[in-house]
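In what follows, a structure is listed as C-alpha cells, so that the remarks can point back to it.
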Amino acid sequence: MTPTITRTKAEPLIGKRVKRREDPRLITGTATYVDDIQMPGMHHACIIRSPHAAARIRGINVSAAKETPGVVAVFTGEDAKGVGPVPCGASLPGLRVPHHYILALDRVYFAGHPVAVVVATDKYIARDAADLVEVDYEELPAVADPEKAIAEGAPAVHPEWPDNVAFNFHQEGGDVNQAFAEAEVVLKQRITSQRLIPTPMETRGVVAEWKSGDKSLTVYSSTQIPHLLRTLLAGMLGLPEHKTRVVTPEVGGGFGCKLNVYAEEALMGFVAMKIGKPVKWIESRRENYLCTIHGRGHVDYFEIAAKRDGTILGLKLKLIQDLGAYHQLLTPAIPTLSVLMMPGLYRFRNISADIVGAFTNCVPTDAYRGAGRPEATHGIERMVDILAAELNMDPAEIRMKNFIKPDEFPFATATGLTYDSGEYDKPLRHALEVAGYQKLRAEQAQARTDGRLMGIGLSTYGEICAFGPSPATPAGGWESATVKIEPSGKVTVMTGASPHGQGEETTFAQIAADELGVDIDDVVVLHGDTAVVQYGIGTFGSRGTAVGGPALYYALQELKVKIKKFGAMLLDSDDVSFEDGVCTCNHSGRTCTLAEVSGAAHRAMKLPPDTPPGMQATYFWEPPNFTFPFGAHLVVTEVDRDTGQIQIKRYVAVDDCGRIINPMIVDGQVHGGVAQGLGQALYEQAVYDENGQLLSGELTDYAIPKATMMPWIESAHTETPSPVNPLGVKGVGEAGTIGCSPAVVNSVVDALSGLGVRHLDMPLTPEKIWAVIQKGGQA
Amino acid sequence: MIAQDFNYSTPATIEEALGLISGGEAKLLAGGMSLIPLMKLRLAAPGHVVDLSRVAGLSGISEAGGAIRVGAMMTHYEVESSALVRARCTLLAETAAMIGDVQVRNRGTMGGAVAHADPSADYPAALQALEARVTIAGAAGTRVVSVDEFFVDTFTTGLEPGEIITGIEVPVEPEGTGVSYQKMLQPASGFAIVGVAVRIRKEGGVISFARVGVTGLGSRAYRAAGVEERLAGTAGSASDIANAAAVIADGIDANSDIHASAAYRAQMARVFGARAIQAAVNRAA
Amino acid sequence: MKISGSHTVALGKERAYEVLQDPAILARCIPGCESLDRIGDDEYQMRMKMVLAAVSGQFAGKVRIADQSPCDSFRLIVEGSGKAGFMKGEGLLRLSGIEEGTQVDFDGDVQVGGTIASVGQRLIDATAKLMIKRFFAKLADSAVE
C-alpha cells in the first residue's frame, strides 16, 4: 500500500517555489563556516606535504621548526602511527587495502601526501615554520596513468603489490555470449571519463577541541556525514564514541568530496589531544586540489551487440578505474555503481562487466557528483549513439525502441536492480517537442550545406538514487528524523541527513508545515551536530529528500497520532480530526490549536490514556528500494571549423525526479548539475604528468565553468511519483551532471559526423576538436 | 596560502616611493592581481612591498597634444569605462574590457599589468598596435620608452631597478580608424591563449595604415610587421586579409602549455589575427 | 617537458666546447648562479637564486657533465630543489662549426615538480626558454672578454 500525502485545507507548500530559508545568512555573510570558528587558546596547524609522487623518506629534521618562537609542536608519521588508518568503508572480494597512515611513515605515495604537521600559536608562524621542516626524500619512479600502471614493468605504487591491481571485480547478468552470438551488429569503443577535481567553493577545514576534564573530543569539520565521521574518528583515535562529538557548521559545497573521512580530521583530533588546546587547520586551494579526493578516472572498453533493427541485445564492459594511491572511504565501490547502471533505461538483459582497480601515484578518486553513474551513463549513451550512427537510425528513435515500457515496472535489470517506475519516453518526447527536433534536423541539413558544423545530441539517462537500502550501503542506508513541537507550538525538525546546500532547511520545513498545518516560519530544521541530532547517515547520492524526507514524513505521522490524542483529551471527545494546525471535535465542532495541544502535553497536568507527556517523535526509516529518476537532455551545438571552439546554442533538460517538493530548488540542482556536467564535457581535467605531478594544480589551470560560460538551460520536468516512499520523491542532486556530458559529446560528434567522427573523449577542448577537423575526422 | 613576512609602505608621492625602492629589494604593489597570489604561494617573497595606491599623480586619464595619458594606477575598469578612452582610443577601452573578469578589472591596474609583462596579458597587444609609450620616473628623472623597447621578454621589461611607471600614453585615434581586439581565452584563467589587436585606416578604398599587436604567442607581445606590410595598399578583401594573417606567427618561437600546443597557438594567431583585421577593416571608414 | 633549441656562440668549436664546461664561466652565465663548487669529476654543487619578475626562489642542486665527445657533444645533467619545488633536466648539447662561430643545438627533457609545476604550468615553457636565452647571452659576453 502506498501512503499518500495528507493535504491540509490551507494551500499546501509542497510543490511551491518557496524561497530558500538558508539563503539570507549565506548571502549576507553571516553564516558560520569552519574557518569562522574562534576559540580561546586556539592553535593553528600547517601540514607539510610531499612534493614527490613516490619517494622514500630518509629522514625528517624538525629541529629548526620546533625552535621557532610560537611553535608548540611538530609531529611526524612516527609520532602519529598509533592513530588508526584512514578508513575504507567499501568491501569487495579480494580487495587489497594498503594501510593508510594519517601521516606518511617512511614512504610517500602521491604528490601532496601529508608528511608532518607544525602547530603554532598563530597560522602565520605555523606556515613560516613549515618551511623550516627538512624532509630528505629519495625519489622513486612513479606511475600516474591507470592503464600504464597495470601494464607489465610499471613501477609498483605499493611494493607489496607489484601489479598495481587493487581488485578485480566481475558481474554479469543474462547470457551475454548468447547475445553477442545472435547479434547482427557488434560495435566496440574505448571511452574515457577523465579525472575531475570536485572544487567546492569552501575547501575542507577542521577545528578540534579536547576537553581534558571530561576526556571528550569535539571536531568541527566541513563534512557531508557528521555521524559516520564521529563513529569512524572515535575508532581511529581510540576514543569512546559517546565522548566524541562532530559538529558540521555551514558547508560550502561538497559534491561528494566531503563524503569521506580524511587523514586531517583524525590528525587534528590527535594534535588537540596532544597539546591540550583547540587547533584549527584550513585547507588551501592548492591542498584541496592535491589532497582532497578527485572524481571519475575511468578507461572503459565497451562492446555493444544489437540487431539491425536497432534492438540492443547486450553490453560488455572492461572498466579500468584509476584509484589513486589509497582507498578513501568509498573509492573501490564507485566503479561498481557504474556497472549497476550500465543498462541505462534500456530493456536488454545481457551484460558482462569486469573492473580492474588500478593503484596510481595520484590522490585517491572517490565519489564526485554522480559517483559512477555519470561514467556509466556516458558510456551507454555514447554506445547507443554509435549504434544509431552505424545503423543510420535517428538517435531518438533508437532510444524509444529500446526503452523499458511503463507497464514493465517494476523492472528487474540484468545488474540485479529493480527499477521502481518510469515513463521513459515522456521526458524524451517533451524535450524533442520543446526543442523542435524535426525543425532542428532541417536546420542542421541546411547548415551542412552551408558548410557549418551543427550538431544535435541527446541523452536519456537513468540514475540510481536514494542510497539506499541498507544492505547496499556499507554503513547503513536508512535515515532519521526527529520532530519536536515545543510548548508554544513551534516546530523543530532534526534530520540525520545533514544537508550542505541542498536546501532541506526549506524543503523539510515545507513538508513539516504541510503535515502539521503550521506556518513555514514556525518550523526550524536542525542538522549537523551529533550532540543535537539523533544518529543519521548524511547527504550524498541524491538521498537527502528521498530517504531523509520519508523519515521526516513518518515521524510527523507518529506525532499527529499523539496530537490527536491530546486534542481529544482537551476537547473531551472520542472523535477528533487534525487539520491546518487545529484539532476539531467532529461532533461538537469545538477546536483547539496546536499550541494548546503541545502546551498541555508538556505541562502534563492530565494525560490521555497510555500516553506519555511531551510532543516529540523520532523515526528511523529504512527504504525498501532505491529510486530511479530519469530524464532527457538535448543539446544543440555549433563547432567553429577554424578554431575547434564549441558553442552551445540550445540546452533543453527535461528531468523526472518523481514528485517535486520545491521546483525552484529542483531547477537549481539541475542547473548546478549541468554546470558540472559541462565542466567535464568541455573544460575540466586533472592533468598529472608522467611523474605524478599535478599540472592543473590551481584554478588558473583547472577550468571550472563560470557563470558567463553557461548556456541558458531550458528546464522542464515530468513527474512520475516513486512508489518506494510515501512522498513519491526520487532525488535530483546528481541528475544534471549525469544527463549532461553524453548529450554534449553526442551533439559535438553529431556535428562532426560528416567528417566521419564516431567518438571523442572529454574534455572537448578546442585544440582537440581542431586537430580532429584538421585530420579530416581521424581522432 | 600565507605570504612570508614583509614590510609595507604606502607612500603619498612619487619621490617618496622612489626613495623607498631605491635599495632594489622592494616590490611595487599596483593592484596586486599577480603579485599577491605569487606571494601567497611563496613564489615571491619580497621583504618590502610599496603600495602605489595612494601616490598622487598616478591616476587620471587626460588628453593632451594628440595623446591620451592613462595614469599607471588606473584600474582596467576605469580604462574600459572612461568616456574619453572609449571615444578617442576605442581599441584600448575594448581591450581593457576583455581582461580577466570583473573582479580583476576592478582591482588590477594598467601600470601593474604593463610592468608585470605577462606574455599572455591582453594590454600589451593593444599597446603594441597603438605604438604606445610608457612614462617612467626614476631617481635621475623621467623618461619615455616605446612599448616595443619596453617589452623585452617573458616577464622582462626595460624598467630598471628603482624606477616606477607613472603612466602610459596612447595616440588619439583619428576619425575613421577601424580597430579590433580578438582573443581566444584560456577558460581557467581568462588569459589570452592568443590575442590580436589591430588598427586600420583606409584612404581611397585601400589600407593606408595597419598596426597589428600580438600577445600570448611568444615570449613577449610584439608587432607583426610582416602582417602590416602585407595589408598596406590592399583593399582589405578576405583574401588580402588571409594572405596577411598567414605570416603573423613567422619567426616566433610559440609558447606551449597544457592548454594549447605551440602549433595550435600559432594557427590561432592566424585565425584570430584574420578576424581582428576583418573586424577592423569593417569598422574603418 | 621536451626542450630543444639552438644558439650561436661567437667562438671556435674547440673554445666553445671548453667554455661550456668551464665552471668559472658557467657560474657567471647560469642565470642567478650564486656558487658552483666542484664535488667530483665533472660534478658540481650549485646554489642559485632564480629571479623572474616578482618570482624569486633559492635552489640548491647539482650539475654534472657526462658522455663527453670532445668538441662535438656532451650531456648536461642538472637537478635542483628549493621551497618552490624541484627541477631535473638532462640534455645533449651538440656543437657544430659555422661561419659565425659555433652553433650549439640542445635537446633534452626537463621535469619540474612541486609548487612551480602545479601553479606555473602556463609559464614553465616560456621561462625555461628565457633562462636558456639569458645563459647564451651571458656566454656571448663572457666569451668576448
Side-chain angles (χ1 to χ4, degrees), chain A residues 44 46 120 122-132 197 199 203 282-289 640-646 678-679 682-689 693-709 763-771 773-774, chain B residues 1-6 33-34 36-43 45 97-98 100-105 118 120-121 182-191 193-194 196 238 241-242 245-246 254-276 278:
Chain A
H44 295 264
C46 183
D122 74 40
K123 60 183 176 181
Y124 308 100
I125 294 172
R127 177 63 188 87
D128 284 347
D131 274 352
L132 302 176
I197 308 182
T199 319
T203 57
I282 300 296
E283 185 185 54
S284 69
R285 181 62 64 190
R286 249 181 76 52
E287 287 180 295
N288 182 255
Y289 271 29
D640 184 326
R641 201 181 271 280
D642 297 329
T643 65
Q645 287 173 307
I646 294 159
L678 274 177
L682 300 180
Y683 307 113
E684 298 182 35
Q685 189 168 25
V687 182
Y688 280 95
D689 73 7
Q693 291 292 328
L694 181 64
L695 300 182
S696 54
E698 259 289 355
L699 282 160
T700 49
D701 283 304
Y702 186 85
I704 56 167
K706 299 167 183 71
T708 53
M709 292 146 81
L764 305 180
T765 58
E767 181 165 1
K768 187 185 288 178
I769 302 300
W770 175 79
I773 295 169
Q774 293 307 299
Chain B
M1 299 293 276
I2 295 171
Q4 272 176 32
D5 268 358
F6 57 91
M33 295 299 91
S34 296
I36 299 294
L38 287 171
M39 287 171 67
K40 285 181 152 191
L41 289 162
R42 300 205 164 195
L43 291 174
M98 288 170 75
D101 51 41
V102 175
Q103 289 89 335
V104 165
R105 292 199 293 275
D118 190 305
S120 300
Q182 301 279 332
K183 122 193 218 192
M184 172 178 249
L185 63 78
Q186 194 254 77
S189 67
F191 273 109
I193 284 177
V194 291
V196 183
I241 291 171
N255 295 328
S256 152
D257 64 8
I258 57 171
H259 305 289
S261 68
Y264 181 66
R265 265 199 168 77
Q267 178 57 21
M268 289 309 104
R270 291 176 206 115
V271 171
F272 281 79
R275 288 178 184 183
Q278 184 67 65

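Every chain is numbered from 1 and lettered A, B, ... according to where its sequence line falls, protein lines coming before strand lines. Below, each value reflects all heavy atoms present in this structure, side chains not excepted, and no hydrogens, waters or symmetry copies.
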B/Phe191 versus chain A, the contacting section by heavy-atom distance below 4.5 Å | neither
Side chain, backbone, both or neither: which part of B/Arg270 has a heavy atom under 4.5 Å from chain A?
-> neither
Pairs of heavy atoms under 4.5 Å with chain A: top-ranked of B/Lys40, B/Gln4, B/Gln267 = B/Gln267
State, to 0.1 Å, how close A/Ala120 and A/Ala126 come at their nearest heavy-atom pair, and which atoms those are.
-> CB-N, 3.6 Å
Give the member of A/Arg127, A/Glu287, A/Gln645 that has the highest number of heavy-atom pairs under 4.5 Å with chain B.
-> A/Arg127
Option that, when pairs with chain B are counted at under 4.5 Å, heavy atom only, ranks first among A/Tyr683, A/Tyr702, A/Trp770 | A/Trp770
Okay, A/Asp131 and chain B: the region with an atom under 4.5 Å from a heavy atom over there is side chain
Distance from B/Asn255 atom CG to B/Ile193 atom CD1, nearest 0.5 Å?
-> 11.5 Å
Proximity breakdown for A/Glu698 and chain B, heavy-atom pairs closer than 4.5 Å | side chain
Please state whether the side chain, the backbone, both or neither of A/Thr765 comes within less than 4.5 Å of a heavy atom of chain B.
-> neither
The reported gap from CG in A/Leu699 to CD1 in A/Ile197 (rounded to nearest 0.5 angstrom) is 8.5 Å
Should the pair B/Asp101-A/Lys706 be classified as a salt bridge under the 4.0 Å nitrogen-to-oxygen rule?
-> no
Under 4.5 Å from a heavy atom of chain B, the part of A/Pro766 involved = both
Heavy atoms only, distances under 4.5 angstrom: which of B/Ala260, B/Pro37, B/Ala263, B/Ala274 has the most pairs with chain A? Name it, please.
-> B/Ala260
Considering only heavy atoms, which portion of B/Arg265 lies under 4.5 Å from any heavy atom of chain A: side chain, backbone, both, or neither?
-> neither
Minimum heavy-atom distance between A/Asp689 and A/Leu695, given as atom pair plus value | CB-CD1, 3.9 Å
For A/Glu283 and A/Asn288, work out which heavy atoms get closest and say how close.
-> OE1-ND2, 2.8 Å
Checking B/Ile2 against chain A: side chain, backbone, both or neither under 4.5 Å from a heavy atom?
-> both
Contact part of B/Met1 toward chain A, heavy-atom cut-off under 4.5 Å: side chain, backbone, both or neither?
-> both
Please examine the side chains of B/Ser261 and A/Glu767, heavy atoms only from C-beta on, and report whether any two atoms are closer than 4.5 Å.
-> yes
For B/Ser256 and B/Ala262, work out which heavy atoms get closest and say how close.
-> CB-N, 3.7 Å
Nearest non-hydrogen partners of A/Asp640 and B/Arg275, listed with the distance | OD2-NH2, 2.7 Å
